[in-house]
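The structure appears right after this line, and notes come after that.
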Amino acid sequence: MPELPEVEVVRRGLHEHVAGRTVDAVEVLHPRAIRRHLAGAADFALRLTGQRLDAARRRGKYLWVDLSGGDAMLAHLGMSGQMLVQPVGAPDEKHLRVRLRFTDGGPELRFVDQRTFGGLALADLVEVDGTRLPRQVAHIARDPMDPAFDPVAAVAALRGRRTEVKRALLDQTLVSGVGNIYADEALWRARLHGLRPADKLTRAKAAELLAHATQVMYEALGEGGTSFDALYVNVNGQSGYFDRSLAVYGREDEPCRRCGTAIRREPFMNRSSYSCPRCQPRPRG
DNA sequence: CTTATGACCTGCAAGC
DNA sequence: TGCTTGCAGGTCATAA
């Protein structure tokens, strides 16, 4: 699920359904889901068992839950990860990777991940710029929904890259949370082609782009996120509705909502970029 | 240091 | 029907 709004939907679900509950048992069904926990699955299970899960937090697309013992359980959903709250005894999902049972005997927490690009880990917290973060998240920039997000600094970071603006927007060390969908949507709103050089944008244009990215992610959050299929769901298995509001992503050959021109799809970094040929002319050369 | 490129996985839809 | 190919909301290690 993976961009900021979808991860935030999951974070809220975790906060509501698992915060305050104590882990009774941990079952790792696929070792790859725990590969970022270098001490291994047995250590992961042992150290997590008996801990109470506290606040659920997020930076960009990373998600974590504070543990009563002082560390955190970190999660990244990758391309296809889900956190599901399911009744004990519900049939295992085909791609169930990790199960947490709780001492209260209530619904269990399941990490389900078809492609196993995501995973869980335990992490100690380090302080970065006044914020406590899991060590593995320390290199990720603040996202636009962070109360301490600094738009001026973010604009400077984007313009400081000698690369194309879409690449810069997707660089999680500059601004976090933006992925392929919301990058394309923000570029369309700003009438910019993603191949435009980031360092040639005026400060005002870069600021406008960032404001559009922020706005479109808030709008998506308001609709429960974007989901084209059952892979992208909240902790209760429900889909969001923002796909109806997308202007370009996934709309190849459909009319631009501004000018009616057919939306084009172009290869980009082993996937696709969607844009309007008229509103977002490709840069020369 | 910065920037670009593939690797990592599974499953689905489209085309032959 | 079956095969192949291409594609998917991401990040990371490695190369230049």
Practice prompt. Please say whether the positively charged group of A:R258, taken as NZ for Lys or CZ for Arg, lies over the ring of A:W188, i.e. under 6.0 angstrom from the six-membered ring centre and within 45 degrees of the axis.
Written response: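 So A:R258 does make the cation-pi contact.
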
Is the backbone N or O of [Y] less than 3.5 Å from a side-chain atom of [X], with the two atoms forming a donor-acceptor pair by type?
X      : Y      : result
A:Q114 : A:H95  : no
A:Q82  : A:A230 : yes
A:E3   : A:G179 : yes
A:D113 : A:G118 : yes
A:R251 : A:V248 : no
A:R189 : A:A213 : no
A:R11  : A:A56  : yes
A:E185 : A:Y249 : yes
A:Q172 : A:G60  : no
A:T163 : A:A168 : no

For the pair made of [atom1] in [X] and [atom2] in [N], what is the distance, rounded to whole Å?
X      : N      : atom1 : atom2 : result
A:Y249 : C:dG10 : OH    : C1'   : 11 Å
A:R115 : C:dA8  : CZ    : C1'   : 5 Å
A:R265 : C:dA8  : CZ    : C1'   : 11 Å
A:Y232 : C:dG9  : OH    : C1'   : 5 Å
A:H76  : C:dG9  : NE2   : P     : 14 Å
A:L4   : C:dG10 : CG    : P     : 11 Å
A:N180 : C:dC7  : CG    : P     : 13 Å
A:E6   : C:dG10 : CD    : P     : 9 Å

Once you round to the nearest 0.5 Å, how far does [atom1] of [X] lie from [atom2] of [Y]?
X      : Y      : atom1 : atom2 : answer
A:E108 : A:R101 : CD    : CZ    : 5.0 Å
A:E6   : A:K61  : CD    : NZ    : 9.5 Å
A:D146 : A:S176 : CG    : OG    : 8.0 Å

Item to complete: Scan for side-chain hydrogen bond (donor to acceptor under 3.5 Å, both in side chains) pairs involving residues 119-131 of chain A, sequence neighbours excluded, and state none if there are none.
Response: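 Applying side-chain hydrogen bond (donor to acceptor under 3.5 Å, both in side chains) to every pair that reaches into residues 119-131 of chain A, excluding sequence neighbours, yields A:D124-A:R135, A:T131-A:R142.
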
Could you give the distance separating [M] and [N] at their [atom1] atoms, to the nearest angstrom?
N      : M      : atom1 : value
C:dT11 : B:dG11 : P     : 22 Å
C:dT5  : B:dA7  : P     : 16 Å
B:dC9  : C:dC3  : P     : 24 Å

Discussion item. At a heavy-atom distance below 4.0 Å, what parts of residues 213-229 of chain A sit against DNA chain C?
Written reply: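 Those residues whose heavy atoms fall under 4.0 Å from DNA chain C, taken from residues 213-229 of chain A in numerical order, are A:T226, A:S227, A:F228, A:D229.
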
Identify the pairs formed between an N or O of the protein and an N or O of nucleotides 12-16 of chain C at a distance under 3.5 Å, and give each distance.
from: C:dC12; atom 1: OP1; to: A:Y62; atom 2: OH; distance (Å): 2.6

Item to complete: Check the chi torsion on C:dG9 and let me know: syn if it falls within 90° of 0, anti if not.
Response: syn

Worksheet item: So what's the dot-bracket for DNA chain C: Watson-Crick or G-U pairs under 3.5 Å, [ ] if a pair crosses, | if it pairs off-strand?
Response: .|||||||.|||||||

Item to complete: May I ask you to say whether A:D199 pairs ionically with A:R162, meaning some side-chain N is under 4.0 Å from a carboxylate O?
Response: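 Result for this pair is yes, salt bridge flagged.
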
Worksheet item: Using a cut-off of less than 4.0 Å, is there contact between a side-chain N or O of A:K61 and OP1 or OP2 of C:dT11?
Response: yes

Worksheet item: Among residues 151-174 of chain A, which contact DNA chain B at a heavy-atom distance under 4.0 Å?
Response: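 Residues of residues 151-174 of chain A under 4.0 Å from DNA chain B: A:R161, A:R162, A:T163, A:R167.
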
Worksheet item: What is the 5' to 3' range of DNA chain B, first to last nucleotide, that sits under 4.0 Å from any heavy atom of chain A?
Response: B:dT3 to B:dG11

Practice prompt. Please state whether the rings of A:H37 and A:F44 are parallel, tilted or perpendicular, taking 30° and 60° as the class boundaries.
Written response: perpendicular

